[in-house]
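Report on the following structure.
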Protein chains: 2
Amino acid sequence: MKVPNPVSKRLALYHRCVVSLLSEGKEVTSSQELGERLALKPSQIRKDLSYFGEFGKRGTGYELKELKLSLENLLSINKTWNVCIVGAGNIGTALANHTEFFKEGYRIIAFFDRNPSKIGKKIGTRSISVYSIEELKEKVRDLNIEIGVIAVPSSEARNVAEMLVESGVKGILNFAPVKLKIENVEIEDVDIAISFKALTFKIGVKEIERKRSVNKQDC
Amino acid sequence: MKVPNPVSKRLALYHRCVVSLLSEGKEVTSSQELGERLALKPSQIRKDLSYFGEFGKRGTGYELKELKLSLENLLSINKTWNVCIVGAGNIGTALANHTEFFKEGYRIIAFFDRNPSKIGKKIGTRSISVYSIEELKEKVRDLNIEIGVIAVPSSEARNVAEMLVESGVKGILNFAPVKLKIENVEIEDVDIAISFKALTFKIGVKEIERKRSVNKQDC
DNA sequence: TAGATTGTTAATCGATTAACAATC
DNA sequence: TAGATTGTTAATCGATTAACAATC
């Protein structure tokens, strides 16, 4: 059965929402409540979940503890993922210090960098070692790393991605502003520059609309 | 005329591609060439552009210099946007050091933070001042800041967003893992935690498919 | 003119939503 | 049983794509 593309991100949103409902002491929820919190239609939430099974009880709703576990299975965060970050710069450091990721099953356990002055150092509040990029393949295998984060300049991104895939990584989170077309690996892009431009595009469109409606009032 | 939602991000991709074609010394391009580079259908590119005007010449293609300017108009990056970052942590610093943004019309000119030990300091390679969050409204007005970046914990994100909007900011780039529902402002989310989970979801789906196809071969 | 590539229409595809029977 | 809410079907909506006339 074909699952619509946007579902992957929404499942993650549902999980976040379920966690916060649980932290409020609640025990059950409904597609309506989730929909209100996430600004989504209840029918969309039910549909999304229905691709994977039946997680609720008719007349009652969803048991939060149960739904949380089901979502964690779907998102594959019922295990711990070993993660490396290639590029020991600011973004990499920011990620390494982001405690939330640890709680959610992502363990950042290695940095890789070209810069000799960084190699051998430890980074962030968790003191994560920086290895030479030369050692990447070896270390990725030894440390059982399954996810690689690309935080290098775009000129190096393709090379790094290929190295990661060759060493057996299953997924790549790509912060470099390039479209990587690579087989045998799942890629997720986080493109901050594009987000900035999408934002100013939307501001621009809105201002044009506002001007137009002002003109209409003039007539 | 209704413009499909995904167009905003694609326009930004076209712009990036046009810039890099120009830097390769090219002078014209075609929807086909752009499509190949971006893994998009040529007809999609032509359609996207057609919402806003006619930027090409039949039989010839698009003049790169001209197309670049047109895209910059559409994305509203034909001007300089003053930007502030609320939350002087790792992500904020990473953004402040990211030289690309400057080149593209985004000038990060202020940080705001709660932490007294940070207030008055200067951050990053550009030495951007950190002000108290108490001063936010005043400073945003004085410095003509039109875009606010939210890089605070999610518990504070809503408050910060409201302060930004009250001080007249037109757009918000939100790094906090919450859905902000606020009027009179354009919001763009960058949700790294969700991207991680979408990634492992996709890896999980792929592994299930692989197992299934192996089983089929067994029959 | 012949070849190329646009801009645009119409067809297709994919995602969302409403509606409702099933059932707790 | 009456009320609530699910899971699912079918209808709607929105986005993409193919096809082609227009034109450089």
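To find a chain, count down the sequence lines: A is the first, B the second, and so on, and within it residues start at 1.
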What integer distance in Å separates [X]:[atom1] from [N]:[atom2]?
X: Leu67(B); N: dT6(C); atom1: CG; atom2: P; answer: 11 Å
X: Phe52(B); N: dT8(C); atom1: CZ; atom2: C1'; answer: 16 Å
X: Tyr51(B); N: dT16(D); atom1: OH; atom2: C1'; answer: 9 Å
X: Glu54(A); N: dT23(C); atom1: CD; atom2: P; answer: 9 Å
X: Lys2(A); N: dT8(D); atom1: NZ; atom2: C1'; answer: 19 Å
X: Ile45(B); N: dT16(D); atom1: CD1; atom2: C1'; answer: 12 Å
X: Tyr14(A); N: dT6(D); atom1: OH; atom2: P; answer: 12 Å
X: Glu66(B); N: dC24(D); atom1: CD; atom2: P; answer: 14 Å

Pull out every residue in residues 28-43 of chain A that has a heavy atom closer than 4.0 Å to any atom of DNA chain D, ordered by number, or say none.
Ser30(A), Ser31(A)

So does Tyr62(B) get a side-chain nitrogen or oxygen closer than 4.0 Å to the phosphate oxygens (OP1/OP2) of dA4(C)?
no

Can you find a side chain N or O atom of Arg10(A) that sits less than 4.0 Å from OP1 or OP2 on dT16(C)?
yes

Less than 6.0 angstrom from the centroid, inside 45 degrees of the normal: does Arg126(B) satisfy that with respect to the ring of Phe102(B)?
yes

Among dA15(C), dG7(C), dT8(D), the one nearest any side-chain atom of Arg46(B) is dG7(C)

Atom pair CG/CG of Asp189(B) and Leu173(B) - distance to nearest 0.5 Å:
8.5 Å

Of Thr60(A) and Lys47(A), the one whose closest nucleotide on DNA chain D sits nearer the 5' end is Thr60(A)

Presence of salt bridge, Lys137(A) and Glu166(A), under 4.0 angstrom
yes

Is the distance between the ring centroids of Tyr62(A) and Phe55(A) under 6.0 Å?
no

Complementary nucleotide for dA11(C) - Watson-Crick or wobble, under 3.5 Å
dT16(D)

Look through every strand shown and name the nucleotide pairing with dC24(C) as Watson-Crick or G-U wobble, where both distances are under 3.5 Å.
dG3(D)

Quick check: on DNA chain C, is the nucleotide nearest Gln44(A) upstream (toward 5') of the one nearest Gly61(B), or the reverse? Name the residue that is more 5'.
Gly61(B)

Any donor-acceptor pair under 3.5 Å between the side chain of Arg58(A) and the base of dG7(D)?
no

Side chain Asp113(B), main chain Ala88(B), donor-acceptor under 3.5 Å
yes

Pair Asp48(B)-Tyr14(B), side-chain donor/acceptor within less than 3.5 Å:
yes

Identified side-chain contact (heavy atoms from CB on, under 4.5 Å) counterpart of Val86(B) within the set Leu164(B), Ile172(B), Val149(B)
Leu164(B)

